[in-house]
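Report on the structure given below.
Residue numbering restarts at 1 for every chain, and letters A, B, ... go by the order of the sequence lines.
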Amino acid sequence: MRKYNHKKIEEKWQKKWEDDHVVKIDKDDTKKKFYMLDMFPYPSGEGLHMGHTESYTASDVFTRFKTMQGFNVLHPQGFDAFGLPAENYAIKTGIDPKTSTAQNISNFIVQMKSLGLRYDFDEKVVTYEPEYYKWTQWLFGKFFDNNLVYKKTSKINWCESCQTGIANEQVIGGECERCGTQIVQKEIPGWFFKITDFADALINDLDTVDWPEHTKKNQRNWIGKSEGALIKFSISNFQFSKEKTEEKQIKVFTTRPDTLFGATYMVLAPEHPLVQDLVIGLPNKVEVEKYILDSRKKTEMDRIEGKEKTGVKLEGIFAINPAIARSEGFRANSEEIPIFIADYVLSGYGTGAIMAVPAHDERDFEFATKFGVEIKEVISGGIIKERAYSGDGILVNSGQFDGMDSEEAKKKITEFVGGELTTNYRLRDWSMSRQRYWGCPIPIVYSPEGEAKCIPEEHLPWLLPTDVDFVPSGKSPLEKSVEFRERTEKIFGEGWTPEFDTMDTFVDSSWYFLRYPDVHNEKEFCSEKRKEWLPVDLYIGGAEHTYMHLLFSRFFVKAMNKIGLLDFNEPFLKLRHQGMVLDGEGKKMSKSKGNVTNPDEMVERFGADSTRTYMLFAAPLEDEVMWNEDNIVGVYRFLEKVFYQVDKLEKESSKEVQNSLHKTIRKVGNDIDELKYNTAVSEMMKFMNVVKNYQISQEDFEKFLKILAPFAPHIAEEIWESLGNKSSIHLEKWPEYDVKLAKDDTYVIAVQVNGKVRAEIEIGDGASEEDVKEMVFSDLQIKKWIGEHEVKKSIYIKNKIFNIVV
RNA sequence: GCCUGAGUGGCGGAAUUGGUUUACGCGCACGACUCAAAAUCGUGUGGAGAAAUCCAUGUGGGUUCGACUCCCACCUCAGGCACCA
């Protein structure tokens, strides 16, 4: 008897498939198309991790299944190859990011192949290759021409020493992760995509795609559409500023104009432009300025997490509550309310200023309690002493609006004070400039007068210069390139300078899926003919990309549609997430914890087939998987049983095996379609448990091998060959199941009395309700349970349950 | 603080979407094979109880002939975040 040597088998077939070009597809074939897409990985130095392994296996199984069903399946892979880690690595080691990244990519490819993932790497997309980023730049140009990109300054976390903006994630205890310098908030100029232009479409079109409901919900919340009003508050006693004596106003956005009479103070964000004016001559000027300075050191996350509300009052000046000012019957000067500066108000949302209604907003309530500001109830519903009432209700203490309901009052009060009803979005425009080296150069040059000009197509790709020094030295890396400056002057003339920022890597990944159908096209990002592959039919990837990548990609497609480059509105028709892969104790795998499992090691020990199959068996795709190495042996044993079954084939299959086989074919097909791989695998295990006890023919066994093949492609191929088949099992058609054979002759049904199971009886297929009833009522157990009671009612669910109510 | 999920045996999980809770796998126990061990194969395996039976899907209510599934309130855990006014 031959032994199941997974290593030998897998190496043999991986080589053979490649030599025979089994991985190649004809992109111009006229068969029905199916575009299956994975989120392409960032090629990190650590190699493929278990999360990749799970989602890529899931899509590989789906691809193989769809192919067997007769579809022409495009299932490409590529690399999101620009990014910070490579640059940080370069700073540390002096190794050029391109060299290290290319190295990582080849390692990833080896790993993917060893898992038996069927990708055609001649058709890959690599975002740092000029052949690719030429089109990233070209698209930027199109967006520029169509007014979808603009330049402005914005406040970001800034490291003075690295001369770069950094993400919250890279701020460790207020300091730069790289160099330990204190991070400050700084206004710097940068390029923005007008994603907010599409806010409504980004919400509405979610109704047209098959995505997990929670993902849609999250995106809607992220975009955060809210209806409200813009209301102006005047400032009184504003005599401190000598020159600017004209009337000052503070504009606020509120979703609750109905609570205007309850606004007992105002808050400005520390960055609010008016603050600079107001602070002049203030009695507590020093205190206020110190507060503003302190808040500049806080990252946005610090401001979110700050448990205790902080703030400072602008002594001696007041805002006028316009509603009270215009109403009769309020006590003198009650329209004057204090103004605070507090960092719980963000400059980026609304107008950067709020009217605070402590009686009806939790955060305002907390602040007012701490600073001793008046809390005035204007919506009945009752303030409970410890918290605000933030629901709608009937107005009180609101002059002539008393008795009105919130809904109506929102409009009426806004009108009354001359405000303006508007819609506000939480979503901000997409800041895409990065002061980094290892990214796609922004194809912009500046005239000697400082005017921005987009680089014409003939000069694309606008190459990333190579004569740079990565070590931070108070200058952004691209500024150090002599070639870059010379190139610019040579083409555009003396005094012209290039844009030194590169693009956010999310730009690269916002359109990569549009390139796969036509990766070698030098004339267009994708030909009209190849666009027939688009949009993506099924996209599998982590839920962590809900807000950025998935939203940005949707924006790109909508913008390109508007420009006329695409004729569809949504990039991904169907989306599913894979869960996180945790260690055996349910903890997140991380390098620092030292609990990272490497797929290579699993492949070495148990083989790709077992690793793949177990990965999918361990938990539903969308759930977290606890990677418990003790459990993989179950799958290994199962595959071994299949392997050794070859020696036990008979002329005919028994009835039991036939019945089980056809049920299994049906169930596995349905499960793959719904990406319920865990139950598909268990169904195949059940089948082998039946085979163990009954006889199976070669013909039936081969059918089983075909449904196993997408999961465990190597062992299936090996057995298939050993049975005398000459061509690959992966070119076979998916087997059909026979409805008659899949049907059961008898069913065991539960008999309940008052909903509790008291007996089981076996009935023949097709037994009528009358037959069943007769059997039930003649059952001794049941008779006992009914006893002297009167039978009030009985319920029969066909082939499942008979319930007697007494 | 806000948003989104998830709580079922010793463990990973299943449950035809309102119809027999614990499929499949791991582990464990016993048995067979073996000088022995490993591997393999059988049998058993939610808890309590001698049994009849009772109790079990995070907790407490509710709807229903019947609830892991639907509704309300709460608890715990995980993930995400840009305090969204």
Side-chain angles (χ1 to χ4, degrees), chain A residues 168 212-215 217-218 220-222 224-226 228 252-256 259 267 269 299-307 309 342-346 348-351 353-357 360-364 366 390 424-428 542-547 577 579-580 582 584 586-588 614 617-620 622-635 637-638 640-641 644 667 670 676 678-689 692 748-760 792-806:
Chain A
N168 285 334
E213 274 313 313
H214 65 92
T215 307
K217 230 186 243 175
N218 274 328
R220 287 193 194 100
N221 289 338
W222 186 263
K225 182 175 184 169
S226 57
V252 303
F253 173 78
T254 176
T255 53
R256 295 299 302 272
T259 64
V267 185
T299 65
E300 232 160 46
M301 208 52 202
D302 287 340
R303 283 166 67 164
I304 297 167
E305 277 172 354
K307 294 269 181 288
K309 293 269 179 295
D343 63 13
Y344 79 96
V345 170
L346 298 183
Y349 184 77
T351 61
I354 62 161
M355 62 177 221
V357 186
H360 304 291
D361 181 281
E362 274 311 327
R363 289 171 309 257
D364 297 347
E366 199 188 312
S390 55
N424 195 47
Y425 297 90
R426 177 184 181 277
L427 183 70
R428 300 178 199 154
E544 69 273 18
H545 289 112
T546 298
Y547 305 110
H577 301 297
M580 223 183 311
L582 308 171
K587 301 237 167 55
K588 219 172 153 175
Y614 175 58
F617 173 65
E622 66 278 9
D623 286 8
E624 293 167 343
V625 178
M626 296 221 210
W627 188 260
N628 187 330
E629 286 176 26
D630 299 333
N631 288 349
I632 191 172
V633 302
V635 168
R637 284 175 196 157
F638 160 69
E640 261 185 329
K641 267 183 235 167
Y644 296 123
K667 172 94 171 128
N670 290 343
K676 287 156 79 173
N678 55 328
T679 49
V681 174
S682 91
E683 196 67 17
M684 291 190 284
M685 288 174 166
K686 276 193 220 174
F687 174 72
M688 284 309 291
N689 288 343
K692 185 169 62 186
V748 175
I749 70 161
V751 185
Q752 302 181 329
V753 178
N754 288 339
K756 294 207 171 187
V757 180
R758 296 305 182 187
E760 286 181 349
K792 288 184 190 141
K793 184 167 152 186
S794 59
I795 295 138
Y796 177 55
I797 307 294
K798 194 164 187 272
N799 296 343
K800 290 207 173 90
I801 254 178
F802 194 97
N803 189 15
I804 299 161
V805 185
V806 297

Once you apply a heavy-atom cut-off of 4.0 Å, does A/K225 come out as touching a base, just sugar-phosphate, or nothing? nothing
Distance col, row A/M684:CE vs A/K667:NZ, nearest 0.5 angstrom, shows 11.5 Å
B/U4 phosphate, OP1 or OP2: any side-chain N/O from A/R220 under 4.0 angstrom? no
If the P atom of B/A37 is compared with that of B/A32, how far apart are they to the nearest Å? 11 Å
Let me have RNA chain B in dot-bracket notation, would you? Count Watson-Crick plus G-U wobble pairs, both distances under 3.5 Å, and use [ ] for pairs crossing earlier ones and | for inter-strand partners. (((((((..(((......[....)))((((((.......))))))(((....)))..(((((..]....))))))))))))....
Below 4.0 angstrom from OP1 or OP2 of B/G27, is there any side-chain N or O of A/R637? yes
Mind checking A/Q752 for me? I need base, sugar-phosphate or nothing, with any heavy atom below 4.0 Å counting as a touch. base
Closest to the A/M580 side chain: B/G79, B/U20, B/G27? B/G79
Not counting sequence neighbours, which residues clear ring-ring contact (aromatic ring centres under 6.0 Å, His included) with A/Y425? List them please. none
Assign A/E544 to base, sugar-phosphate, or nothing according to its heavy-atom contacts below 4.0 angstrom with the strands shown. nothing
When we call it a touch if two heavy atoms are under 4.0 Å apart, what does A/N424 touch: a base, just sugar-phosphate, or nothing? nothing
Ranking A/K793 and A/N678 by the position along RNA chain B of their nearest nucleotide, the one closer to 5' is A/N678
Under 4.0 angstrom, heavy atoms only, what part of the nucleic acid is A/K217 near: base, sugar-phosphate, or nothing? sugar-phosphate
Side-chain donor/acceptor of A/N803 to base of B/C65, under 3.5 Å: yes
